[in-house]
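Take a look at the structure set out below.
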Amino acid sequence: MEEADVVETKKGTISVASAFPAHQEAVQDRDHKFLTKAVDEAYKGVENGDGGPFGAVVVLNNEVVAACHNMVLNHTDPTAHAEVTAIREACKKLNKIELADCEIYASCEPCPMCFGAIHLSRIKRLVYGAKAEAAIAIGFDDFIADALRGTSFYQKSQLEIKRADGTQAIIAEQVFEKTKEKFQMY
């Protein structure tokens, strides 16, 4: 038997399994299987005319919980990206908003909105296939990659952003103080 390298993590726990070549191969096979499913979803979405060529799969304990594709055109909803749609479906099926035990496989590098949804749902692992540049090359907004990497100004954005002031701001801030006892996330 090969001698394993022991790796100490930040919290003091020890990881040995990842040092075994067979484990690495099993993880790669698993990743390939679920990423292929995400890519199949991307093709399905385009063939159905539902939206752009993006697919996503949410996995729990090696089982697909949700397999979705971009539904922007079908739903007339600019937020119906594959990852967001898959997260929504997984949350409904599992009846919870925290997916900390789940992984997500995306056919393409997630945009900032999708990455935000992945982060907010507490998904533990993201595996994606194509880089954002593949989507940019066929006409999708180039600010997506720039936003992810912080490398450019949002040149296509015409959005004006202004924070309310005075009474409106105070009333909006009071919502949090007045509801903190009645609403808890976790």
Taking side-chain contact (heavy atoms from CB on, under 4.5 Å) as the definition, give me every residue that meets it alongside Ala130, ordered by chain and number, with sequence neighbours left out. Cys108, Ala134
Suppose clustering is done on Ile, Leu, Val, Met, Phe, Trp and Tyr with side-chain heavy atoms closer than 4.5 Å. Which residues sit in the same group as Val175? none
Using links of under 4.5 Å between side-chain heavy atoms of ILVMFWY residues, direct or through other members, which residues join Val39 in one cluster? Tyr43
Excluding sequence neighbours, so at least two apart, what forms side-chain contact (heavy atoms from CB on, under 4.5 Å) with His75? Met71, Asp77, Ala80
Is there a side chain to side chain contact (heavy atoms under 4.5 Å, CB included) between Thr85 and Glu41? Walk through the geometry before answering. CA-CA 12 Å; Thr85 304; Glu41 280 292 327; over 6 Å; no
Flag side-chain contact, heavy atom, 4.5 Å: Ile97 against Ser121: no
Taking all atoms of both residues into account, what is the closest heavy-atom pair of Ile123 and Cys102, and its distance? CG2-O, 3.4 Å
Given the rule in the side chain to side chain contact (heavy atoms under 4.5 Å, CB included) test, do Glu103 and Leu126 qualify, once you have shown the distances and angles that lead to the verdict? CA-CA 6 Å; Glu103 301 168 285; Leu126 160 67; over 6 Å; no
Taking every heavy atom of Asp101 against every heavy atom of Lys124, the minimum-distance pair comes out as O-CE, 3.6 Å
Answer yes or no: are there more than 12 heavy-atom neighbours, outside Lys33 itself, under 6.0 Å from its atom NZ? no
Test of understanding: with side chain to side chain donor-acceptor pair (under 3.5 Å), list the residues that count as partners of Glu47, not counting sequence neighbours. none
Are the side chains of His81 and Val72 in contact, using a 4.5 Å heavy-atom criterion? yes
Establish whether Val84 and Phe115 are linked, either directly or via other cluster members, by ILVMFWY side-chain heavy-atom contacts under 4.5 Å. no
Could I get the full list of salt bridge (charged side-chain N to carboxylate O under 4.0 Å, His left out) partners for Glu177, not counting sequence neighbours? Lys180
Under the side-chain contact (heavy atoms from CB on, under 4.5 Å) test, residues paired with Asp31 that sit two or more places apart: Val27, Tyr105, Arg125, Val127
Tell me, please, which residues at least two apart from Lys93 pass side chain to side chain donor-acceptor pair (under 3.5 Å). Glu89
How long is the gap from CD1 on Ile118 to CD on Glu83, to the nearest 0.5 Å? 5.5 Å
Can you sort out the partners of Ile170 under side-chain contact (heavy atoms from CB on, under 4.5 Å), two or more places apart, ordered by chain and number? Gln174
Find out whether Arg122 and Leu99 are in side-chain contact, i.e. whether some heavy atom of one side chain is under 4.5 Å from a heavy atom of the other. no
For residues 48-66, which side-chain donor-acceptor pairs fall under 3.5 Å, sequence neighbours excluded?
| from | atom 1 | to | atom 2 | distance (Å) |
| --- | --- | --- | --- | --- |
| Asn48 | ND2 | Lys44 | O | 3.4 |
| Asp50 | OD1 | Asn74 | ND2 | 3.0 |
| Asp50 | OD2 | His69 | NE2 | 2.7 |
| Asn62 | OD1 | Arg30 | NE | 2.1 |
| Asn62 | OD1 | Arg30 | NH2 | 3.2 |

